[in-house]
2 protein chains.
Amino acid sequence: MGRWEPNARGRLEEAALALYGERGYEQVTVAEIAARAGLTERTFFRHYSDKREVLFAGSSLLREVLVKAVAEAPDGAPPVDVVGAALAAAGAVLEERRELARARQAVIDANPSLQEREVVKLATLATAVTEALRDRGIPEPAASLAAQSGIAVFRVAFERWIRETGQRSLPDLVRESFDELRTLTAT
Amino acid sequence: MGRWEPNARGRLEEAALALYGERGYEQVTVAEIAARAGLTERTFFRHYSDKREVLFAGSSLLREVLVKAVAEAPDGAPPVDVVGAALAAAGAVLEERRELARARQAVIDANPSLQEREVVKLATLATAVTEALRDRGIPEPAASLAAQSGIAVFRVAFERWIRETGQRSLPDLVRESFDELRTLTAT
DNA sequence: TACCTCCATGTCAGTGACTGACATCGACGC
DNA sequence: GCGTCGATGTCAGTCACTGACATGGAGGTA
């Protein structure tokens, strides 16, 4: 057994989400989060660059999944389909963490500075997808347009998925929202 | 004459831009900005919610111009033209402050946390335009699409305007970029 | 076994952004 | 003249975030 309990990051993220949910983001100090995780404030800042970032660590996983899915799409597939498949893959990742995602989103929705960070993270995802598309040889501005529209679709689907008590899976909702965009732009 | 020098906000903004430009955003303290403006740190925070906001105060003027232009566009004009006219109006506002805009953008481009705030401000502008369009009876998703594409066009034109030493005015560049978008989407 | 290096974490002392409470004092209306 | 108002000052405090240095188990090496 190590000198320290394992999975410090996991404990920090769990503690932060719980405390932010209980008392609101601004009413929680980093020292409290760290204490709840059995760590010190200094260690928190070694893992996360700031107090918000602890809520957004998962977005790097999402980015990897998106980029990988774009890279591995069949040759010659149209950009729209490539992005659609990538978004469905990302949706599948979140599908298994629905309650977590819901709690996290509630915290973000209650605080403007967290929304600010969320917007940036989404923009980062769009940029990553754009670059992955360009690596497939898709030229601008098609790459940017497809990526940004795709992220917009994902937001819509994600919001429905969070809001509904329903049975539909996130990948299904992504496909559905995507079809709506297709319908719109086909007119 | 008043008890205080007039135009405290103007002095704060000028001092902040100058200091950020000279030494970089992070190397400047709010106390220094306030001192240069002949005020105290506390007064700075009465005018601006945080250290970044002093650079973005002008965006509310831009929002007003955009919303007003959208509202006053001729009845029955297609959304695209409404947005185009609004962007040109906003461009005209900035046209008179080119060196200011250039200095400000250089500061923003040099600091990620300022870029974060900029992204949020642009999103806010897009939302305002969307609402103004909906007030004209333009339904979703046309309103959102037109607004967001419009802001994207504005960003492209603005970047060219900042970068070029050229003679072309920002409103002209806005129209030019807008035509490029039209060409793209017409295919 | 003894030793050594690594590295995640702890400890401590800062700096600076931001806030709340209260004081000040010209302008302005009465 | 007098009272209110509003922009600013003053002061003390909290907390996010950082740099420098200490600690001690893990895992490798002689």
Side-chain angles (χ1 to χ4, degrees), chain A residues 1-57 107-108 110-118 120-121, chain B residues 1-57 107-108 110-118 120-121:
Chain A
M1 201 185 88
R3 181 177 172 195
W4 319 101
E5 290 296 309
N7 195 23
R9 288 179 69 96
R11 272 148 52 213
L12 284 170
E13 287 168 28
E14 192 179 342
L17 181 56
L19 287 170
Y20 291 167
E22 289 166 17
R23 309 217 306 271
Y25 171 77
E26 290 182 348
Q27 313 313 317
V28 175
T29 68
V30 172
E32 288 170 330
I33 298 169
R36 177 135 162 183
L39 295 164
T40 64
E41 188 183 12
R42 193 65 183 85
T43 297
F44 177 98
F45 285 111
R46 288 205 180 90
H47 286 281
Y48 304 100
S49 59
D50 60 47
K51 190 185 167 189
R52 307 179 206 173
E53 199 62 18
V54 67
L55 277 183
F56 295 92
V107 169
I108 293 172
N111 187 284
S113 82
L114 292 174
Q115 291 159 34
E116 186 163 345
R117 179 60 55 86
E118 187 183 32
V120 171
K121 290 294 176 181
Chain B
M1 202 186 87
R3 179 176 172 195
W4 318 101
E5 291 295 310
N7 195 25
R9 288 178 69 95
R11 273 148 50 214
L12 285 169
E13 287 168 27
E14 192 179 342
L17 181 56
L19 287 171
Y20 290 168
E22 290 166 15
R23 310 216 306 268
Y25 171 77
E26 289 183 348
Q27 312 313 316
V28 175
T29 69
V30 172
E32 288 170 330
I33 298 169
R36 176 135 163 182
L39 295 164
T40 64
E41 187 182 12
R42 191 66 183 87
T43 297
F44 178 99
F45 285 111
R46 287 209 180 86
H47 286 281
Y48 304 99
S49 59
D50 61 47
K51 189 184 167 189
R52 307 179 207 172
E53 198 63 18
V54 67
L55 277 184
F56 295 91
V107 169
I108 293 172
N111 187 285
S113 83
L114 293 174
Q115 292 160 32
E116 187 164 342
R117 180 61 53 88
E118 187 184 33
V120 171
K121 290 295 176 180

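For clarity, every value in this text was computed on a predicted model and none was experimentally measured. The chains referred to below are lettered A, B, ... by the order of the sequence lines, with proteins before strands, and numbering in each begins at 1.
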Fill in the blank from the handout: CD (Glu116(A)) and CZ (Arg52(A)) are apart, to the nearest 0.5 Å, by 5.5 Å
Exercise for the section: List in numerical order all residues of residues 27-48 of chain B for which some heavy atom is under 4.0 Å away from an atom belonging to DNA chain D. Expected result: Gly38(B), Leu39(B), Thr40(B), Arg42(B), Thr43(B), Arg46(B), His47(B)
Completion exercise
Here the distance between atom P of dC15(D) and atom NZ of Lys51(B), to the nearest Å, is 21 Å
Exercise for the section: Nearest whole angstrom, please: distance from the C1' of dA26(D) to the CH2 of Trp4(A). Expected result: 12 Å
Exercise for the section: Give the C-alpha distance, both sets of side-chain angles, the deciding distance and a yes or no for salt bridge (charged side-chain N to carboxylate O under 4.0 Å, His left out) between Glu53(B) and Lys121(B). Expected result: CA-CA 10 Å; Glu53(B) 198 63 18; Lys121(B) 290 295 176 180; 2.7 Å; yes
Problem - Euclidean distance, atom CZ of residue Arg9(B) to atom P of dG6(D) [Å, nearest integer] - result: 17 Å
Fill in the blank from the handout: Here the distance between atom C1' of dA16(D) and atom CG of Leu55(A), to the nearest Å, is 16 Å
Handout entry: Donor-acceptor pair (no angle test) under 3.5 Å: Arg3(A) side chain, dT9(C) base
Key = no
Handout entry: Atom-pair distance (CG on Leu12(B); P on dA17(C)), nearest Å
Key = 14 Å
Problem - Between C1' of dG16(C) and CG of Asp50(A), the distance in whole Å - result: 16 Å
Completion exercise
When every non-hydrogen atom of Ala57(B) is compared with those of Glu13(B), the smallest separation belongs to CB-OE2, 3.4 Å
Problem - Tyr20(A) OH to dA16(D) P, straight-line distance once rounded to whole Å - result: 8 Å
Exercise for the section: Please answer whether the main-chain N or O of Glu5(B) pairs with a side-chain N or O of Arg11(B) as donor and acceptor at a distance below 3.5 Å. Expected result: yes
Practice task
Measure across Asn111(B) and Tyr25(B) and return the closest heavy-atom pair with its distance rounded to 0.1 Å.
Solution key: ND2-CD2, 3.4 Å
Handout entry: Integer-rounded Å distance: dG20(C) P and Glu26(A) CD
Key = 10 Å
Exercise for the section: Assess whether atom CD of Glu14(A) is packed by more than 12 heavy atoms of other residues, nucleotides or ligands within 6.0 Å. Expected result: no
